[in-house]
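One structure is given here, and the rest of the page talks about it.
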Amino acid sequence: MITWNTEQQTFHLHNQYISYVLGIEHQRYLVHCYWGKRVATFNQYHDYPKLDRSSFSPTPADWPDRTFSLDTVLQEYPGHGAGDYREPAFEVRYADGNQVTNLHYLSHQIVPGKPRLQGLPATWVEENDEAQTLLITLADPVTHFQVELSYTVFRDHPVITRSARLINQGQQPLRILRALSCGVDFPDSDYQQIQFPGAWARERQLHRQQLNPGITVLDSKRGASSTHQQPFIGLVRPETTEMQGEAWALHLVYSGNFTVRTEVDAYQQTRLLLGINPHGFGWQLQPEQIFQTPEVVMAWSDTGLNGLSQTLHTLYRDNLVRGQHRHQIRPILANNWESTYFNFNEEKLLTFTKHAKQLGVELLMLDDGWFGQRNDDTSSLGDWFVNREKFPQGLRPLIDKVHQQGMKFGLWFEPEMISRRSELFAQHPEWVICAGEQPLSEGRNQYILDLGRQPVRDNILEQMSRFLSEHPVDYIKWDMNRNMTEVGSPTAQPEQQQETAHRYMLGLYALLDSLTTRFPHILFECCAGGGGRFDPGMLHYMAQAWVSDNTDAASRVYIQHATSLLYPPIMQCAHVSEVPNHQMGRSTSMGMRGAVAMSGNYGLMLNLMHQDAERDRAVSEQIAFYKQHRQLIQFGTFWRLVSPWQHPDFSAWMFVSADKREALVMAFSLVSQASSPLKLLRLAGLDTTAKYQIDAGPSEVGGDELMYRGMYIDPPLSRDYVSRIWHLTRRE
Ligand code: DGJ
């Protein structure tokens with residue numbers, strides 16, 4: 001999978017799908033040659049026109065002629081101060097105040113498999129023959145600063161992963177000002193950029209735009225990957241569609257502050273950089289110490305955005321999530337949040353559970369409010385013991401009764417937070433993230449625990465471990481409801497204050513690692529006030545995530561459609577909720593609410609405190625249908641057919657089983673029109689040589705016909721917020 005051409009001085013990383021080629025220019029500089037569809041061999045190294053632009057694009061010292069400049073050449077991990085004026089991947093300041101680094105190739109190593117990233121989540125492989133890794137060491141001969149770049153190529157995916165280790169081989173401490181995970185220079189700029197801006201309850205809004213000259217920054221400075229952006233950038237050719245054309249994805253496996261920088265330079269070359277946000281970041285590196293950056297997943301497709309998504313879906317399902325749940329069917333849960341909010345007790349929850357059970361629900365998910373003195377959002381975060389007012393006998397009787405009904409039990413935690421009104425705050429006010437004497441900004445009446453500190457995370461680990469040892473909990477919804485302000489750590493040295501946000505993430509990952517290792521049977525759902533930390537970092541530890549606090553089915557069509565660009569349905573938790581919807585005030589049909597929820601891990605946020613014959617009949621049918629088809633939904637191939645971002649009145653998607661024997665097609669009417677045009681829906685991913693039966697219909701239609709010609713939506717969806725589902729079975 002990795003070949004080193006000594007004569008040419010090129011590395012060729014390849015599998016059956018892709019080639020990624022880099023070379024060493026004049027035995028010194030690591031340059032980028034190619035990333036795209038597989039080529040058998042790469043022979044054009046060094047072939048670019050050699051032009052003298054040395055007036056304003058300097059030539060390195062001791063260079064044989066004036067035709068090479070770091071300012072114009074395509075690079076892999078560009079620095080700053082030695083001739084490249086574009087955005088750098090890293091910056092360090094040495095003890096003498098200098099900030100110039102000049103990295104030269106030193107050595108390389110090709111190793112089987114994929115080494116683990118110390119302290120950070122990353123993709124992984126089970127067997128060494130599933131991947132190969134190239135480690136390239138670059139060094140500055142003057143400062144002895146080193147960078148080790150890691151490139152893994154997967155055998156079975158059109159994917160490369162990259163990360164970097166910054167190493168101080170000098171005699172003096174140095175300060176890292178910027179340590180991005182990767183840089184990739186593309187030879188042209190005829191691309192459109194895909195990004196996911198958003199906000200609370202409006203996460204991941206799909207946005208596609210032409211690249212502009214100069215620098216474009218997408219980022220988070222919030223201490224979390226956030227609802228506002230995704231640590232991702234997609235590049236597509238202008239002609240690329242869902243079904244055709246080239247697409248590149250770069251996705252950072254990290255849950256904290258990040259930056260994604262795109263620079264279109266003077267010669268219309270495009271530089272992409274991803275990594276920890278340098279804003280508010282700094283890291284002291286003592287001699288011999290190493291700084292490990294997070295990983296970037298780099299995927300490529302020439303079968304459009306669906307192809308790109310399917311690659312990421314498979315990779316994330318198989319090689320990102322760890323633990324026993326990754327290949328397990330996910331339970332259907334009922335969450336009490338929108339029924340009771342904080343107002344519940346054992347009796348109410350038993351009524352809720354009884355009704356849920358009758359509908360076919362498999363797991364009771366008890367949300368916020370069961371602990372400390374918590375009756376609203378003003379108290380008790382940090383006090384992870386049972387609220388005795390609500391549960392005088394503790395939680396055990398409720399859990400046992402839920403289990404006796406043959407259901408599982410899930411519980412809400414927000415372990416990273418602390419309320420001012422809590423026993424933990426009374427004991428340890430100094431455990432909060434804070435900046436000296438600066439007053440603390442409020443965010444949902446809570447502060448953030450400084451998880452970068454061992455005693456702080458040990459306390460939470462110990463409290464949760466004790467609780468979970470005494471209570472047989474099967475599922476945890478791990479919430480996080482505010483972003484960082486006044487960032488600093490009271491016990492850190494002044495020169496280490498800017499390490500706080502990253503140390504927090506390392507602490508959080510360590511905590512998650514310990515908990516998921518101690519309690520491997522617990523299925524974790526990642527939540528952050530909805531989808532405020534829906535990123536590959538968190539999904540390494542938690543197999544699924546709450547997509548959005550917006551449970552309105554129409555809004556969810558947009559959000560889940562966009563989310564599916566990166567994440568498979570099995571990672572997306574989606575619930576049927578009441579109408580009018582609590583966030584949007586909108587009423588959508590029960591059918592559409594069901595179809596949207598079934599497009600991920602189906603659950604209920606209905607008010608099950610009371611029964612409603614008509615609603616309950618519909619929900620029971622949905623649950624029975626979902627149980628019958630969830631293997632296909634959770635583990636099949638997902639295809640987006642019609643985008644609501646392009647057709648705001650309508651959307652459609654489908655799921656196809658791996659063996660193509662069955663498929664589910666779903667269509668959603670958002671805003672209907674009078675006298676509307678007829679809709680012919682072209683399907684995807686079917687067996688073109690086979691015939692399919694649609695539902696229980698009498699006729700059989702060829703997979704080719706359904707894909708190339710399509711099928712009419714008949715009768716048309718002529719109301720707002722209604723949907724239809726078709727089940728296709730291949731005739732054998
Ligand atoms: C925000 C979550 O996204 C909601 O689903 C709910 O769990 C609340 N927090 C509880 O405070």
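Indexing begins at 1, ligand by ligand and atom by atom, following the structure's order. Hydrogens, waters and symmetry mates are skipped; everything else that's a heavy atom, side chains included, is used. Numbers here are sequence positions counted from 1. All figures in this text were calculated on a predicted structure; none of them were measured in a lab.
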Non-neighbouring partners of Phe344 that pass ring pair (Phe, Tyr, Trp, His ring centres under 6.0 Å), sequence neighbours left out: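 Per chain and number, Phe344 pairs via ring pair (Phe, Tyr, Trp, His ring centres under 6.0 Å) with no residue.
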
Residues lining ligand 1 [heavy-atom distance under 4.0 Å, listed by chain and residue number]: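 If the criterion is a heavy atom under 4.0 Å, then ligand 1 touches Trp337, Asp367, Asp368, Trp412, Arg444, Lys477, Asp479, Asn481, Cys527, Gly529, Gly530, Trp546, Asp549.
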
Non-hydrogen side-chain atoms of [X] and [Y] separated by less than 4.5 Å:
{"X": "Phe409", "Y": "Leu363", "result": "no"}
{"X": "Phe655", "Y": "Arg630", "result": "no"}
{"X": "Leu608", "Y": "Arg615", "result": "yes"}
{"X": "Val432", "Y": "Ile448", "result": "no"}

Side-chain ion pair, Glu346 and Arg388, N-O less than 4.0 Å: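 Result for this pair is no, no salt bridge flagged.
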
